[in-house]
Amino acid sequence: MDRLEKQLQFIITADGAKNIFRRTTLADGSRRENDAEHSWHLALMAMLLEEYAGEAGVDIGRVMKMAIIHDLVEIYAGDTFAYDEVGNATKAQRENEAADKLFGSLPEEQGKELRELWEEFDAMETKDAAFAAGLDRLQPLLNNYMTKGASWARDQVDSSKVFKRVEILKRSAPQLWKAAEFIINDSIEKGYLKK
């Protein structure tokens with residue numbers, strides 16, 4: 001295939017993200033969101049919440065790219081619920097194999113760039129990746145709050161797991177961490193989330 005054919009085929013493959021349904025319910029409670037909606041929502045959050053990035057020098061363009069591509073591997077690997085201990089035991093292997101297939105289908109330098117962004121996001125070590133990952137954890141927290149803990153109750157998630165999941169916000173976006181703390185504590189108080 002020539003370059004354009006590879007790019008168009010990747011775009012067609014990426015359409016599959018619309019069929020990967022997550023455990024998170026939409027804020028209006030009407031249905032579960034899909035990966036494409038989740039990724040778009042993260043990119044929007046990055047744009048709107050840039051001012052809360054904890055460290056100066058966060059490259060919001062890179063954060064938005066990470067938001068857009070971070071779950072594309074799930075087209076081949078499937079979604080792994082954040083609190084699924086069994087599924088998370090094999091997640092890295094499944095997602096690495098999926099990344100090989102997915103990013104390997106692009107022209108070499110584009111595939112390399114997206115693979116590196118995906119790996120950086122997953123490692124959460126750089127300031128860009130930590131901010132992107134923090135937003136990735138804040139988004140379902142907001143949706144759970146708006147749905148009175150719909151997926152928390154369905155999957156019997158307690159507050160200690162939710163606190164652990166969002167704690168990256170402490171270093172990547174301290175003001176967003178304070179908001180997350182409030183939401184979690186208020187959810188406990190309102191009975192949306194088990195202590």
Side-chain angles (χ1 to χ4, degrees), residues 3 7 10-11 14 17 20 22 24 27 33-75 77 79-80 82-83 88 91-92 95-96 98-100 102-146 159-187:
R3 181 178 180 83
Q7 292 166 327
F10 184 88
I11 291 166
I20 307 296
R22 300 164 44 83
T24 305
E33 74 177 346
N34 66 48
D35 272 358
E37 294 165 329
H38 169 69
S39 296
W40 162 81
H41 211 182
L42 285 187
L44 178 65
M45 289 172 69
M47 184 178 71
L48 294 175
L49 302 175
E50 177 182 9
E51 67 192 86
Y52 300 105
E55 296 184 43
V58 167
D59 182 337
I60 210 64
R62 292 184 83 251
V63 170
M64 291 174 76
K65 283 182 179 182
M66 288 180 199
I68 291 166
I69 61 107
H70 80 287
D71 278 342
L72 285 179
V73 295
E74 293 180 1
I75 292 167
D79 179 52
T80 304
Y83 304 105
N88 278 297
K91 178 182 174 185
E95 289 192 350
N96 273 309
D100 290 343
L102 182 69
F103 300 128
S105 70
L106 278 165
E108 187 175 348
E109 81 286 351
Q110 284 186 321
K112 183 177 185 293
E113 177 193 4
L114 294 188
R115 175 68 182 251
E116 287 173 358
L117 282 168
W118 174 75
E119 288 174 351
E120 181 181 343
F121 174 89
D122 213 40
M124 298 185 298
E125 293 171 357
T126 66
K127 57 190 169 191
D128 294 344
F131 188 63
L135 297 177
D136 183 48
R137 285 145 176 78
L138 179 61
Q139 188 264 349
L141 177 71
L142 293 171
N143 283 28
N144 266 295
Y145 188 60
M146 296 308 299
S159 62
S160 66
K161 290 178 181 175
V162 177
F163 271 119
K164 183 174 174 53
R165 179 96 178 131
V166 299
E167 75 181 349
I168 190 153
L169 288 169
K170 282 183 186 178
R171 74 174 163 97
S172 66
Q175 286 181 278
L176 298 180
W177 165 251
K178 288 178 185 172
E181 271 188 310
F182 170 82
I183 290 168
I184 295 167
N185 287 323
D186 197 48
S187 294

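The two residues Leu135 and Ala46 make their nearest non-hydrogen contact at CD1-CA, 3.5 Å. Contact between Ala180 and Val166 at its shortest, heavy atoms only, is CB-CG2, 4.3 Å. Arg22 and Asp79 make their closest contact through CA-OD2, 3.8 Å (heavy atoms, listed as atom of the first residue, atom of the second, distance).
Salt-bridge annotation for Lys112 and Glu116: present, with a side-chain N of the basic residue lying under 4.0 Å from a carboxylate O of the acidic one.
Within 6.0 Å of atom CD in Glu109, more than 12 heavy atoms from other residues, nucleotides or ligands are found, so the atom counts as buried in its surroundings. The neighbour count for Glu108 CD, taken as heavy atoms of other residues, nucleotides or ligands under 6.0 Å away, does not exceed 12.
Checked against side-chain hydrogen bond (donor to acceptor under 3.5 Å, both in side chains), Asn185 has no partners two or more places apart in sequence or in another chain. Scored by the salt bridge (charged side-chain N to carboxylate O under 4.0 Å, His left out) test, Asp186 finds Lys190 as partners (sequence neighbours excluded). When the side chain to side chain contact (heavy atoms under 4.5 Å, CB included) test is applied to Ala77, the partners found at least two apart in sequence or on another chain are Arg94, Glu95, Ala98. Every residue two or more places apart in sequence or in another chain that forms a ring pair (Phe, Tyr, Trp, His ring centres under 6.0 Å) with Tyr83 is listed here: Phe81.
Pairs passing the side-chain hydrogen bond (donor to acceptor under 3.5 Å, both in side chains) check and including a residue from residues 168-180, sequence neighbours excluded, read Trp177-Glu181.
Under the 3.5 Å distance criterion, the side-chain polar atoms of Ser39 are left unmatched by any main-chain donor or acceptor of Ala36. A donor-acceptor contact shorter than 3.5 Å links the side chain of Asn144 to the backbone of Pro140. The backbone N or O of Glu37 sits less than 3.5 Å from a side-chain atom of Asn34, completing a donor-acceptor pair.
The side-chain heavy atoms of Tyr145 and Ile184, taken from C-beta on, include no pair separated by under 4.5 Å.
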Can you give the donor-acceptor pairs under 3.5 Å from side chains of residues 58-72 to other protein atoms, not counting sequence neighbours?
residue: Asp59; atom: OD1; partner: Gly61; partner atom: N; Å: 3.0
residue: Asp59; atom: OD1; partner: Arg62; partner atom: N; Å: 3.2
residue: Arg62; atom: NH1; partner: Glu120; partner atom: OE1; Å: 3.4
residue: Arg62; atom: NH1; partner: Glu120; partner atom: OE2; Å: 2.9
residue: Arg62; atom: NH1; partner: Asp128; partner atom: OD2; Å: 2.7
residue: Arg62; atom: NH2; partner: Glu120; partner atom: OE1; Å: 2.4
residue: Lys65; atom: NZ; partner: Glu113; partner atom: OE2; Å: 3.1
residue: His70; atom: ND1; partner: Ala67; partner atom: O; Å: 2.8
residue: His70; atom: NE2; partner: His38; partner atom: NE2; Å: 3.4
residue: His70; atom: NE2; partner: Asp136; partner atom: OD1; Å: 3.2

